[in-house]
Structures are given as structure tokens and as C-alpha cells.
There are 2 protein chains.
Amino acid sequence: MVSKEESILFSAERLFAEKGFDGTSTREISKAADANISLIAYYFGSKEKLLESIFEYRIKESLDFALTLMLKEDLSAWQKLELLIDKFVDRVRRLKYFYLLVQREKLNLSNPAIIEIIRNYHKEFLKIYQTILKDGIKQGVLKTNYSLELIHFTISGTLFNSINALELKKTTIDFTDKMEQKYYSDLKKHLKILLKHLLGYEGKI
Amino acid sequence: MVSKEESILFSAERLFAEKGFDGTSTREISKAADANISLIAYYFGSKEKLLESIFEYRIKESLDFALTLMLKEDLSAWQKLELLIDKFVDRVRRLKYFYLLVQREKLNLSNPAIIEIIRNYHKEFLKIYQTILKDGIKQGVLKTNYSLELIHFTISGTLFNSINALELKKTTIDFTDKMEQKYYSDLKKHLKILLKHLLGYEGKI
DNA sequence: AAATATTAATCAAACGATTGATTAATTTAT
DNA sequence: ATAAATTAATCAATCGTTTGATTAATATTT
């Protein structure tokens, strides 16, 4: 059972992702959540704060997702990178509405609280690369002084473009589970190849 | 001198890019364009059709940009790819508002006419890669059977992420012309390195 | 050449509908 | 009985669009 509060949050997340913040009315949200319109103000304060609540909700679970990865000390630097790719792709796939929303807000820059969250999220990601990379160089398995920011732009850009394109394809072509599965495994492989080249890894993928 | 019609189109392009279609009111557009609000309906029919007009206007000049590149038969396949990168980056930089708008509409999928334009644009781009690649393989300078679509996702994803991030950085850091120049030349270099790896080019960049 | 008719461009004002938000009343749970 | 959750009704503000009128430029007729 989801509470009305959660129902509003999840419905808004999907609608904001699909139609944009300004393209979604509070009445639409309340209808989708099967909740009275005034409950938005009751639980979240306003439509704007509802959007911020969505980010806070999703970001919270996102932080330790990366941290737990770093603690797996039995893995090599390259194995960690592979795991990072796999987990990150799965996560974006699972939370596709939220990450659609993130992409939208990245273009918007209108809500300062959300800009700050995104900025921080970006910084955290670079830290993860940094840590793994340092280990990798010490282990002698990675050799590079490539710009981590450019690498991140390439990885996340490829990931989001691919997933968005898949959703677009789905509107005209009937994708079976098997086809979608292959699409995602091809994508993961491609991302690993990119990292391999950019970080100078010479082992097997 | 720009006509009122052009003034409306350019103002709307900038506002739609910065604040989104739904986040921009017709009154805002008319104010920015210094034109009466009713001129939107007079020249374009509606707010929605104004958006479509912006796409038609920009797409028109975009098509022959790619075609003229293909006609330069004195260049090697790799030189064509380098030129493609350079020109494309310059173009996105010059028309940053329009390409912001394109990114927004890629997430939206609500206007069928615009979806079709974007879909077609994507297809044209793949054709360009295809043609250059075929030449490159024949010339023996490129060797690959890599997915052209994944390559395009990587190139355009990196490009857009980088440019968006630059705009975000500008809101806090004071970027000089020199710094921005370096940012873009680093980006071009990075995109060429990506292509080099993915297409199996072994010459100098 | 002068008078008339037609068109294109622009305007202020108003339209009905929808927006996010709030109120006060009511139901439900503790 | 008190507090928390939910509701229907209502608010002022803004939305995209349309209206009828006016001006200036162009085309047609006399």
C-alpha cells in the first residue's frame, strides 16, 4: 500500500518526466495520484517544492549506491568500473522517469535548489572516477591522465541518448523483451569499450 | 533590420530554449520581440505552430551544411570526419539556443511534427557517417563494423553534455574568451579521439 | 493623375478556460 | 476528544486565442 503522499510523489515524477514541470498541472497530478488537489500543498507545500521533494527522495538512495561500490575492496579497478557501468545502466533503466526529469532540469537551470543537487551529484560522480582511477594506476592496470569530466560527459551522454532513443523507437516499433535485453547489453558493452580506450585498459572486457 | 515576424521567431527560439515551451507565455514572446501579441497568430497561426516554424527554419540550412561536406572529394575519409566534428561543434555553438530546444523536444515527444523532423535529422546523420565510413574502408584508412548509431549517440551526447555543462559553469565562474576557446578545442580533440578509437583509425589526429 | 478599392501589418481590449493556491468544513485515526 | 488526513468549493492571476478597428502601403479603376 502506498500512502497518498507517495502516490502524489510518484505520479508527479512520471508526469514531470513525460510532459515537463510546466506542462503538468496540479490537477493532473492529483488525478493520477487519486488524491485531492489540496494534498499537494498539505504534504509538500507547493508544486515547486514537490519537484524538489522528488529529487531529494531519489538522490538519497543514489548516494550509497555509489559508496557501497567503492567498498568492494576485493575487486580490481577495472572490475569496479565494469560494475559501475552495469549498475548505473540498470539504475537509469529502473528509474527512467526520474532520470528523464534530471535531463530536463539540467536544461532548465531555473530552480536553484535543484541546480545545486545536480551540481553536487556531478561532483560525486567525478570523485568516484577519481578514486577508482587512482587505484587503477597504482595497480598498473589503468594508465591515463585523461580529463575525467570529458569521460563522464561521454559515458552519461551516450547512456542517456541511447535510452531516450530506445523510448522513441518503442513508439513505432514493437520491442520484445529479448530485443530490449540485447539493446541494453550492447549499450553496456559499448560503454565499457569507451572506458577501455579512454583509460588505457589493455586487458579483456 | 529584422521584421516583426523574424523578431518573434528569434525571440521565441531563445525563450523556448531557456524556459521551455510550456514555461514561456505568448505575452513574454511578444514583449521580447517588441510585437503585439496577436501577431503570433497572424504570422504563425498559433504558439504550437510557431515552435514548428522555428524547427523548419533551422533545419533548412542544416541539411546542405552536411551535403556540402560530402562533396569535398579531395579529402580523405578521416579528414572528412575531422571536418564534420569541427563544423558540427561550431554550428551547435553558434545556434546554441536552437540546439537547446532540440534537446528539450527530444525529451518531449508530444508534438508529432517535430518528432518527425528530429527522427529524419537523426537518419540523415547516420547516412553521412555511413557514406564516409564506406569510403574510409575502401581507402583502407578506417576499419570497423561498429554500430553507427552508438557512435552517433556518443558523439552527440558528449557534445551536448559538454556545452550544457559549460553554460552551467558560466553561471558561477567568469569564463574569458580564451578559456572558452580552449574548452571548445579540447572538446573537438576529445570527439576526434573517440572517433579514432571507435572507427579504428591509426593515423595522426 | 486622381480617386477608389484592396491588402498587409499592427493594435488595444476582451474572451473563456485553466492555472497554482487557499479556505473552511468534514472525515478518519489515535 | 484531539490530531491528522481528506474533501469540496473558491480565489485571483494568468493562459492562448480572438475580436474589431486602424494605419499604411499597394493595386485597380476612372
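Chain letters run A, B, ... following the sequence lines, proteins first and then strands; every chain starts at 1. This structure is a prediction, so every number in the text was calculated from the model and none was measured. The analysis underlying the following values was restricted to heavy atoms, covering all of them including side chains, and did not include hydrogens, waters or symmetry mates.
Between the NZ atom of B/K4 and the P atom of D/dA24 there is a distance of 15 Å, given to the nearest Å. Summarising the geometry, the separation between CG on B/L51 and P on D/dG16 is reported as 13 Å, rounded to the nearest angstrom. In this entry the distance linking CG of A/L39 with C1' of D/dA4 reads 12 Å, nearest Å. Separating the CD1 atom of B/I8 from the P atom of D/dT17 is a distance of 13 Å, rounded to the nearest angstrom. Rounded to an integer number of Å, the gap from B/K31 NZ to C/dC11 C1' is 17 Å.
Listed pair B/Y43 / C/dT10 meets the phosphate criterion, a side-chain N or O lying under 4.0 Å from OP1 or OP2.
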Considering only nitrogen or oxygen atoms on both sides, find all protein atoms under 3.5 Å from nucleotides 28-30 of chain C and state each distance.
none

Listed pairs, N/O of protein and of nucleotides 21-25 of chain C, under 3.5 Å:
residue : atom : partner : partner atom : Å
C/dA21  : OP2  : A/K47   : N            : 3.0

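The side chain to side chain donor-acceptor pair (under 3.5 Å) search around A/K4 returns none, not counting sequence neighbours. Among residues two or more places apart in sequence or in another chain, the side chain to side chain donor-acceptor pair (under 3.5 Å) test is passed with B/E116 by none. Under the side chain to side chain donor-acceptor pair (under 3.5 Å) criterion, A/S162 pairs with no residue, sequence neighbours left out. Not a single side chain to side chain donor-acceptor pair (under 3.5 Å) links A/T26 to another residue, sequence neighbours left out. Judged as a ring-ring contact (aromatic ring centres under 6.0 Å, His included), and not counting sequence neighbours, A/Y43 has no contacts. Considering only residues two or more places apart in sequence or on other chains, B/F160 meets the ring-ring contact (aromatic ring centres under 6.0 Å, His included) condition with none of them. Applying the side chain to side chain contact (heavy atoms under 4.5 Å, CB included) rule to A/I115 yields the partners A/L109, A/R119, B/L168; only residues at least two apart in sequence or on another chain are considered.
Listed by first then second residue, pairs satisfying ring-ring contact (aromatic ring centres under 6.0 Å, His included) with a partner in residues 167-194 of chain B read A/Y146-B/H190, not counting sequence neighbours. Among residues at least two apart or in separate chains, there is no salt bridge (Lys or Arg N to Asp or Glu O under 4.0 Å) pair with a member in residues 98-108 of chain B.
Of the residues in residues 18-25 of chain B, those with a non-hydrogen atom less than 4.0 angstrom from any atom of DNA chain D are B/T24, B/S25.
The structure places CG of B/L51 at 5.5 Å from CG of B/L101, a figure rounded to the nearest 0.5 Å.
Between the side chain of B/N36 and the backbone N or O of B/S38 there is at least one donor-acceptor pair closer than 3.5 Å.
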